[in-house]
Amino acid sequence: MELLLNLMINGLATGMLIFLLAAGLTLIFGLMDVLNFAHGGLFAWGAYSSVWFYALTDSFVVAILGAIVTGIILGFITEKLIITPVYGNHIQQILITLGFMLVLTELLKVVFGPNQIPAKTPPYLAGSWEIGDVIIIKYRVFIIVVGFLIFGIFQYILKKTKIGLIVRAGVMNKEMVQTLGINIKNVFLYVFIAGAALAALGGALMAPYSGVIYAEMGMEFAILGFIVVVIGGMGSFPGSLLAAILVGLAGSFMAYYVPSLSLAVNMMLMAVVLIFRPQGLFKAKG
Amino acid sequence: MNTMLKVDGVHTHIGQYHILQGISFEAKEGEVSVLLGRNGAGKTTTLKTILGLTPASKGIVTFKGQDITKKPTHGIANTGIGYVPEDQGIFGALTVEENMKVAMRKEDEVTLAKQDYVLNLFPDLKKFWKKDGGHLSGGQKQMLAMARAFVGNSQLLLIDEPSKGLAPIVIEKVMEAIMDMKKHTTIVLVEQNFMMASRIGDTYTLLDDGKTVQSGLMQELIQDEQVKRKYLGIG
């Protein structure tokens, strides 16, 4: 029982980290029809900047906020310089965002050095709780709580605010939204920045979880993010959460029971979804 | 009556195709101006060009005396032009209420009064207020599209083929609604159904192969069997 619970918590925590990455991806794809392969780079920059801010201030809260601000700045630059010229052209988007991903990765090595960097867990989130025979690692629970909190906040924004309404409408019909007097380009920018901030937050939370950070971590997680977007349904926020949890749990259980399949399980999940429900588990509603 | 909209010698290219090759017409305040012509004559593209969705490559579009030719679509809409596309453009996963809210610039007394007006005009929308737009019938979607365009501070409505695919009884309702809305706003209507167009139109502009053939009073066109036969295939 304790094993199952631990595998579940581990899978949920990993799932939440992937969700933070995929949430931005799915919104960016759903609304802007942009395939952003640079998204993983923002995740990695979030991880590095949080570790840097944490070392500088010894405050995990400042580290998280610093990572989010880094994500916002990088998101703004990416949208304006990289994405805007290639709206509507998927091939160019793939090429230029993949190229920018490499630039972001190499820049990390230039700024922070090529070696892995250890990442500390703040003392108040380190350690574990023991409930009977079950050992629950505090930081994993923290990630799960933050993940659900972020989901709740974004769901509220999407469902209950005017900007959320516009984003959901934009996912369905961009042209119509413009004819209602809404500057869709500004909406694109806000969504991109929000997505970048979420990715950076994901990276910041990932750092203490894995204990070390490295420049290529962005690319590794970006692939998982894309798998989640496909499984969840492109443009669907709840779909991303569900798919991320599925991917996280599948990875966690497979790593324990069938380790040789632990890397393939995500691809298998995606293949099954693509065969039986190519539109994803959730229909894109935004 | 004041000229609300003036389209003057407009040309539009879509990719390599030269779709509009000189469209000119005026819409006067409080009137229903109907664009007529066969399929492919350029009626829908004319509406899209006015809105900047397929920008004009030549010519001028003015609205209330202001040149809007080069403005972006959202800027044109904000000058007071509402659009009801041929496919209605309903946000299927949003409720009727949410579809209306997206269109509202602000929720002040004037806008809410406009909303009350359209809800009285289309009681079905009130009935299905919390229902997803995608679950409405074709006629209800048409009503929602018209209501949504109307509440968005529109002084001019561009309505594209409102009768398309609707049952005769529903067409009658839509037609009555347009007649009523005409009291509050100017309308440019694209319509293939000549019976409907002739009943609600004050003026007409006949398009053929992307060019304006002639414009005039609808009553004159009704009498002109030769033009109707040649350009509309009726009579």
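Residue numbering restarts at 1 for every chain, and letters A, B, ... go by the order of the sequence lines. When reading the values below, keep in mind they use all heavy atoms of this one structure, side chains included, and skip hydrogens, waters and symmetry mates.
Using a 4.5 Å cut-off between non-hydrogen atoms, the part of residues 39-74 of chain B that approaches chain A consists of B:Lys48, B:Leu51, B:Leu53, B:Thr73, B:His74. Heavy-atom neighbours of chain A within the stretch residues 3-12 of chain B, taken at a separation under 4.5 angstrom, are nonexistent. Against chain B, the residues from residues 174-193 of chain A that qualify, each with a non-hydrogen atom under 4.5 angstrom away, are A:Glu175, A:Met176, A:Val177, A:Gln178, A:Thr179, A:Leu180, A:Gly181, A:Ile182, A:Asn183 in number order.
Heavy atoms of other residues, nucleotides or ligands lying less than 6.0 angstrom from NZ of B:Lys131 number more than 12. The number of heavy-atom neighbours closer than 6.0 Å to NE2 of B:His135, taken from other residues, nucleotides and ligands shown, is 12 or below. Residue A:Ile153 places its CD1 atom among more than 12 non-hydrogen atoms of other residues, nucleotides or ligands, all under 6.0 Å distant. The 12-atom threshold is exceeded at OH of A:Tyr87, counting heavy atoms of other residues, nucleotides or ligands nearer than 6.0 Å.
With rounding to the nearest 0.5 Å, the separation of CZ in A:Arg168 from CD in B:Glu98 is 4.5 Å.
Although no hydrogens or angles enter the test, the distance criterion places a donor-acceptor pair under 3.5 Å between the side chain of A:Lys162 and the main chain of B:Lys101.
Screening residues 11-28 of chain A for side chain to side chain donor-acceptor pair (under 3.5 Å), with sequence neighbours left out, gives A:Thr14-A:Tyr209.
With a 4.5 Å cut-off on non-hydrogen atoms, B:Ile90 does not touch chain A at all.
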